[in-house]
Amino acid sequence: MKTLEKASFKKAFIKKVEEVSGEDFSESTAQHQYEALSELVMEEITAEWAVNNSRLHKMEEKQIYFFSIEFLIGRLLKAYINNLGWDDVVPEVLCELGLDYEAIQAKEHDPALGNGGLGRLMACFLDSTAAMGFPGHGNGIRYKFGLFEQKIINNEQVEVADNWLKNGYPFEIAKPDKSVIVKYKGNVRTEMVNGKLVFIHENYEPVLAVPYDVPVQGYHNKTVNSLRLWSAQPVEDFDLSTFNQGHFLKAMQRRSEAEAISQILYPNDNGFEGKQLRLKQEYFFVCAGLKRIVRRYKKFNHGSMDGFSDKICIHINDTHPALCVPELMRILIDEENYEWDKAWDMTVKSISFTNHTVLPEALEKWPIDMVKELLPRVYQIIEEINRRFVNDMNWFYPDQEARNYSISILKDGHVHMAHLAIIGSHSVNGVAELHSKILREETFKDFYAVFPERFHSVTNGVTPRRFLMGSNPQLKTLLNETIGDSWTMPNKLSSLEALLPYAADAAFCEKLGAVKRRNKAHLAAYINKSQGIQLNPDSIFDIQVKRIHEYKRQLLNALHIMYLYNTLKAYPNMDFVPKTYIFAGKAAPSYYYAKEVIRLINVIADKVNNDTTVNDRLKVVFVPNFNVSVAEMIYPAAEISEQISTAGKEASGTGNMKFMMNGAITLGTMDGANVEIAEAVGMDNIFTFGLSDVEVANYNAHGGYRSLDIYESDPRIQEVLEQLINGFFSNTSTFQSIYDSLLIHNDTYFVLKDFASYADIHSASSAVYRDQKKMAANVGCQYCTLRNVLK
Ligand SMILES: *Cc1c(COP(=O)(O)O)cnc(C)c1O
């Protein structure tokens with residue numbers, strides 16, 4: 001990596017700004033400066049990219065391809081600059097020129113091509129893979145509109161279209177020459193050719209898939225991998241013959257039907273929506289991605305597919321790309337003339353699968369008729385995979401007929417995508433120890449009985465380059481001054497353990513506290529500017545930011561704040577450590593209940609923040625439009641990290657890790673990767689509460705929980721629940737559906753059951769929060785999240 005020379009960079013930058021603006025440098029705007037800086041960065045990266053791609057063509061190493069319907073990559077300009085090692089020179093030069101680096105970065109529209117943790121995990125995997133110098137690439141969809149932008153109007157979520165490509169995107173290269181055709185619908189005709197049955201897919205509707213590549217830059221190394229995102233376009237620019245025959249609308253319709261496929265990201269997180277367009281999307285990037293991979297492999301291998309599975313890993317991120325299994329079989333059988341058994345062997349060897357959730361409502365199952373109509377040949381192959389699988393099972397386990405049916409791909413009129421993924425993969429993993437245990441013992445126990453060797457656990461991780469070094473530069477500097485910078489190198493995060501002795505070092509703890517104080521002030525300034533709410537940076541910043549979902553229990557947090565407010569009103573002179581509660585997160589637009597929770601939080605915030613008898617000690621903020629760049633500002637400012645899902649429901653969580661590496665203390669249930677965090681920091685450095693996953697599972701299996709019992713015995717709960725429906729917090733509206741869910745529908749997520757222990761652990765946390773040693777221990781005991789995902 002050549003170092004950037006200051007004077008020549010300054011000159012190049014000024015020249016580039018004048019090129020993009022067509023005006024004298026002194027006239028340029030932040031937008032011009034952003035475009036110029038992006039171009040300079042891309043020029044540097046693309047040179048290495050070309051070298052890297054030719055290395056890839058030679059297939060010297062095994063290649064891994066991450067197939068995912070979401071890649072939540074976040075802003076790239078600063079990440080590229082840091083990874084190139086330009087982070088000393090660039091800010092300095094901009095400063096000398098009197099420019100504002102942060103304002104320039106803010107011109108980049110944060111690409112929101114994912115909903116939450118699942119899409120963010122892929123972005124972190126790509127970052128990690130490149131940082132470690134491995135050849136790994138992403139394959140997904142270039143949505144024209146990403147996840148909606150969230151505004152809060154009259155305390156409610158309002159969704160605004162995310163037109164992120166409006167001003168162009170400087171970090172992609174379109175490769176129309178590498179476009180491929182994806183075929184939908186039509187029929188399959190069979191024919192005997194030279195004594196062999198062949199399958200001909202005809203009368204199909206073709207769609208053009210055009211790839212756009214985004215470089216994935218390694219950290220201080222020469223690796224540049226690719227994220228390939230596919231855009232859907234009509235095969236002919238315009239259907240002129242139809243148009244000339246006078247069928248104007250029909251010609252237009254074909255065009256928009258094709259474009260619709262990559263028009264917009266479905267905004268559901270952990271929820272399945274069985275729309276045909278979604279199934280089209282799933283096949284779209286699977287078919288296009290596999291086609292290019294196969295072509296490239298054959299080019300390297302003199303036209304043969306032999307050895308494919310020794311050189312190519314296809315990793316499917318949750319079940320959305322599970323059609324990789326039948327599609328690869330289709331290619332091997334119909335196009336490459338392999339026999340079934342050989343093709344199956346190659347397919348299973350190539351494919352591995354990460355499961356992301358055990359929530360039953362999120363498990364994908366497509367109506368057989370829909371799959372058959374949309375993908376006739378692929379469906380035939382699914383049917384044959386299923387027929388052979390069920391035959392094998394009945395042969396080996398003749399006395400297990402019920403189980404053999406329960407694990408089949410086709411049942412109850414549906415294609416069960418997780419079953420297809422497990423049967424077609426050599427490796428299946430959960431994303432934290434507890435989640436993997438639940439997969440083995442509950443969700444997929446019948447599969448585990450048959451394929452025990454396939455099941456693994458790979459705890460999620462996050463990139464410290466973005467979520468520590470990039471987002472918390474002050475902490476990075478302090479750590480470097482204290483223990484050196486070996487921890488910044490890829491896969492060396494565990495070097496942070498060298499900090500442990502400093503937990504007892506008063507001078508270090510003071511500096512650590514000063515860093516936190518500055519990050520809090522920075523977030524407070526942003527909130528003041530954007531929302532007009534003044535925060536006290538000397539209060540505890542207690543933060544819950546993530547998708548709004550019943551199982552994540554933002555409601556528990558909100559009810560507890562209502563209780564604190566009631567207590568402060570009742571005992572104005574009580575001893576109370578000032579607290580600032582910060583929330584952020586989007587709800588799926590069709591998820592009424594989650595949107596009610598957002599409204600409740602905002603209503604509470606209005607009441608509390610405007611009550612001068614308490615608002616010097618209690619503040620509540622809902623930060624709108626949670627996305628990666630907002631996240632990067634929030635995590636470093638936290639002292640308490642709220643990770644309070646109902647035990648057994650959160651597969652891993654990654655927000656918990658990002659908070660932790662910025663020195664926040666986890667306050668949470670023993671769920672997902674909170675368990676690994678507890679192990680790493682020790683029970684003295686985490687606040688845990690609530691039912692265990694086993695207790696939750698027992699109540700769900702055998703009953704025995706009655707939320708009314710809790711209500712009747714706890715006056716704190718009675719008071720806040722009455723306030724939900726009596727107009728106390730907002731005299732214009734009530735929260736009947738929330739009230740009903742807790743009392744009439746018996747509180748599915750055990751909010752009331754866990755309330756008392758949650759309140760207890762909060763008061764315990766207030767008592768010790770000023771103890772900076774605990775924060776030091778948290779940074780030091782960092783759970784080493786960057787495991788080698790390729791091992
Ligand atoms: C990390 C992250 C998430 C996942 O958060 P969890 O707390 O694990 O649910 C979601 N959205 C964004 C923008 C993130 O950065």
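Since this is a predicted model, take the numbers as computed values, not measurements. Counting convention: from 1, in listed order, for ligands and their atoms alike.
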Does Lys552 have any salt bridge (charged side-chain N to carboxylate O under 4.0 Å, His left out) partners at least two apart in sequence or in another chain, and if so, which? Glu650
May I ask you to check whether Gln105 and Arg75 show a side-chain donor-acceptor distance below 3.5 Å? no
Using 4.0 Å as the upper bound for N to carboxylate O, is an ion pair formed by Lys516 and Glu639? no
Taking the side chain as everything from C-beta on, heavy atoms only, tell me whether Val214 gets closer than 4.5 Å to Leu76. yes
Those residues at least two apart in sequence (or on a different chain) that pass side-chain hydrogen bond (donor to acceptor under 3.5 Å, both in side chains) with Gln281 are none
Trp164: side-chain hydrogen bond (donor to acceptor under 3.5 Å, both in side chains) partners, not counting sequence neighbours: none
Show the short N or O contacts, below 3.5 Å, that ligand 1 makes with protein N or O atoms; if there are none, say 'none'.
from	atom 1	to	atom 2	distance (Å)
ligand 1	7 (O)	Lys546	NZ	2.8
ligand 1	8 (O)	Thr654	N	2.7
ligand 1	8 (O)	Gly655	N	3.0
ligand 1	9 (O)	Lys552	NZ	2.8
ligand 1	15 (O)	Lys658	NZ	2.6

